[in-house]
Amino acid sequence: MPLATLRGVRLEKIASLRELGLNPFPAKSNRTHMTAEVTGNYDALEGQTATVAGRLMSWRKMGGMAFGNVQDQSGNMQIALRRGEMQGTDAAAGTLGFENFNLLDVGDIVECTGKVGKTKTGEMSIIADSLRILTKSLRAFPDKHFGIKDREIILRKRYIDTTVNPENRVHFEQISQMLFQIRRFFNERGFLEFNTPIIQSQYGGGTAKPFITHVNALSTDMYLAISHELYLKRLITAGFDKVFVIGRHFRNEGIDRSHHPEFVMLETMTAYENYEYNMQLIEDLFRHIATSVFDRTVFQVKGHEVDFAKVWPRVLMTDAVLEATGIDFKAITSVDEANEKLASLGINDPQPSVGNALVRAFEEKVEKTLIQPTFIYGHPIEISPLAKPMQSDPRYVERFEIFIAGMECGDNWSEQNDPVQLLATWKKAFKPEDRDEGEFHPLDYDFVEMLEHAMPPTTGIGPGLERMAMIFTGQEDIYDVIYFPMMKPLLSEVNKVIYDVKDEEAQNVKVDLLLTAEEFAAWLKQGKLKPRGGALALTPVETDWEGNKLKHYEITGLSNGGKVTVRGADVSVLIAETFPGIEVKTRPVRKANG
RNA sequence: GGUCGCGUAGCUCAACUGGCAGAGCAAUUGACUCUUAAUCAAUAGGUUGUAGGUUCGAUUCCUACCGCGAUCACCA
């Protein structure tokens with residue numbers, strides 16, 4: 001039967017319930033017990049009256065007897081209903097009698113009151129005195145035996161998956177517990193939790209492509225946070241010596257099994273300590289989560305057994321590379337020599353500095369071999385503009401990263417608090433054309449001014465919570481530790497029919513259009529594309545495809561609500577001619593890979 | 001963004017080399033007072049992701065688009 005027909009049957013049942021005087025969507029339940037409370041305290045509750053409520057997950061009716069299973073947050077238990085021994089349909093009490101059970105469907109939210117008891121087969125059940133429908137469902141859940149396997153449905157409509165397959169709820173509950181235990185861990189150590197801005201006028205504290213947004217009230221472009229670190233440092237200067245944020249981060253970059261554009265990172269700042277303090281702090285944090293949430297220290301991560309009880313080795317990056325490749329980057333003094341050594345490792349990708357070459361060699365030859373939790377420290381200063389140089393060798397900085405099962409799980413350093421040095425490093429690294437390209441963030445003079453008021457010696461850690469969750473819950477895809485992962489918007493054809501969505505309206509749901517210059521001109525002429533507001537944003541994009549430079553234009557603010565990409569010709573003149581009054585904001589040329 | 005793969009009933013899956021699109025569950029109707037993937041009988045359910053093309057004939061072959069996945073690049 002088509003979905004729309006199945007739904008029509010349910011709508012008719014709702015009408016029938018109303019004819020019987022029953023409200024298919026009452027406001028309140030009379031629940032007295034969770035299902036796990038009943039099954040867990042059966043001996044104490046046997047014979048007593050209890051009311052459970054939840055989703056009806058299965059339904060077995062046979063003449064004068066019926067059995068169902070009710071699922072709530074705590075678990076699932078059976079309800080047993082017998083004709084003649086339970087209340088009939090009663091508008092005043094809101095109860096549904098046996099004679100109207102054809103109006104009940106699997107998937108409905110129900111409430112059942114009765115005696116706690118066992119059926120003849122010995123299953124703990126509520127022997128029903130009465131049944132109420134608390135919410136009538138309009139759509140059928142997937143088959144309870146085969147469940148839901150379509151990856152797209154699992155990701156787009158996770159509520160279906162975690163209802164039909166309750167075992168998939170478990171690791172999300174554990175992730176919630178992890179958040180609680182992280183807060184407890186830091187609170188117990190005297191840290192204060194702050195909220196820092198997500199919409200920031202400058203993005204800083206890392207190198208990443210930002211999401212750009214616009215604040216109408218201030219008529220200015222702003223950025224979604226790529227990091228919260230610069231705000232934590234302002235708090236340190238303000239005299240809050242131990243602070244942390246569980247912050248949402250947004251990076252407009254690639255998506256894969258360990259990267260998601262929106263993610264959560266724990267960031268801390270501790271004054272009057274250096275990076276060595278943090279090594280101990282994060283080691284303790286992992287151990288605390290392992291024992292408090294999971295009650296063990298050994299975990300299976302990507303097929304490896306990882307033990308968080310052991311002391312984590314601390315290895316200099318140069319030593320790690322030396323051991324793996326025989327190349328001692330400490331002894332290398334010129335870029336050319338470093339690149340020759342790289343080439344000898346089969347890495348034909350010349351780097352701009354000795355430090356970059358070291359990191360390249362490390363990523364290629366060492367990173368994936370680090371299975372047990374390991375600290376790699378002493379990063380080259382070229383890639384660490386915010387960290388303090390090591391006293392023993394100023395080519396390297398007081399910084400460490402954590403690797404577990406070949407995955408980077410945190411980046412941490414002693415913070416550079418010399419404002420003159422920092423500004424010099426920034427100015428050297430910053431190139432205006434790299435702005436918004438993820439190469440380096442813009443110069444933040446407000447931050448430098450803050451440092452000039454003296455920020456005490458400080459250190460911070462920044463483990464990504466999704467990766468931590470993947471390690472502890474055994475998930476190998478970041479999409480499985482994010483309940484609502486990012487998906488392209490989609491309005492299904494069947495929903496267009498059911499909800500009577502007109503094509504023009506549906507077009508608002510579609511995001512991107514790809515048009516040739518001729519098509520674009522035609523669409524403008526036909527009035528298919530019109531500005532939504534008073535301004536349009538135009539971004540020229542230059543694509544380098546095997547040496548051929550191609551150019552296209554991305555326009556946002558036209559009536560389809562998404563991005564219009566036009567190939568082949570400069571459209572700014574055409575737009576200006578078609579909409580004389582419109583303000584066209586031309587953004588800098590963006591470079592993309594072919 | 002590149003490359004490769006996938007998309008069939010509400011769900012899980014069939015359909016050989018291009019030849020009448022099928023089954024189980026769910027749904028509807030009926031039987032059944034201890035079932036738990038309840039059982040039994042009957043009925044109904046499809047624009048094969050969308051739009052084109054090739055062909056006497058397309059779920060199958062071709063093109064474009066939409067969505068998802070894998071992988072590479074960038075990044076954490």
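Computed over heavy atoms, backbone and side chain alike; hydrogens, waters and symmetry mates excluded. Every chain is numbered from 1, with letters handed out A, B, ... down the list of sequences.
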Whole-angstrom distance between [N] and [M], as gauged at atom [atom1]:
N: B:C6; M: B:A44; atom1: P; value: 35 Å
N: B:U43; M: B:U55; atom1: P; value: 42 Å
N: B:A21; M: B:U63; atom1: P; value: 26 Å
N: B:G7; M: B:A76; atom1: C1'; value: 32 Å
N: B:A14; M: B:G52; atom1: P; value: 29 Å
N: B:U17; M: B:G10; atom1: P; value: 28 Å
N: B:G49; M: B:U8; atom1: P; value: 6 Å
N: B:A15; M: B:A23; atom1: P; value: 15 Å

G-U wobble or Watson-Crick pairing nucleotide for [N] (cut-off 3.5 Å, both distances):
N: B:A58; value: none
N: B:C68; value: B:G5
N: B:A23; value: B:U12

Could you check A:Asp256 against A:His145 and say which one's nearest nucleotide on RNA chain B is further toward the 5' end?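 That would be A:His145.
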
On RNA chain B, compare the nucleotides closest to A:Asp105 and A:Gly63; which residue's is nearer the 5' end?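 Taking each residue's closest nucleotide, the earlier one in sequence belongs to A:Asp105.
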
A:Asp105/A:Arg10 salt bridge by N-O under 4.0 Å criterion: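 Answer for the salt bridge query: yes.
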
Salt bridge or not for A:Arg158 and A:Asp480, using N-O below 4.0 Å?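 Salt bridge flag = yes for A:Asp480 with A:Arg158.
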
For a ring pair (Phe, Tyr, Trp, His ring centres under 6.0 Å) with A:Phe403, tell me which candidate from A:Trp312, A:Tyr377, A:Phe362 qualifies.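 In the set A:Trp312, A:Tyr377, A:Phe362, the residue that makes a ring pair (Phe, Tyr, Trp, His ring centres under 6.0 Å) with A:Phe403 is A:Phe362.
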
Between the base of [N] and the side chain of [X], is one N or O donor paired with an acceptor at under 3.5 angstrom?
X: A:Thr119; N: B:U36; result: no
X: A:Glu123; N: B:U35; result: no
X: A:Ser58; N: B:U36; result: no

Measure from the ring center of A:Phe472 to the ring center of A:Phe299 and say whether it is less than 6.0 Å.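 Yes: the rings meet the under 6.0 Å criterion.
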
So is the aromatic ring of A:Phe67 stacked onto the base of B:U35, judging by whether the centres are under 5.5 Å apart and the planes are under 30° apart?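 Stacked: centres under 5.5 Å apart, planes under 30°.
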
If you check the A:Asp477 side chain, which of B:A70, B:C74, B:U33 turns out closest?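 Output: B:A70.
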
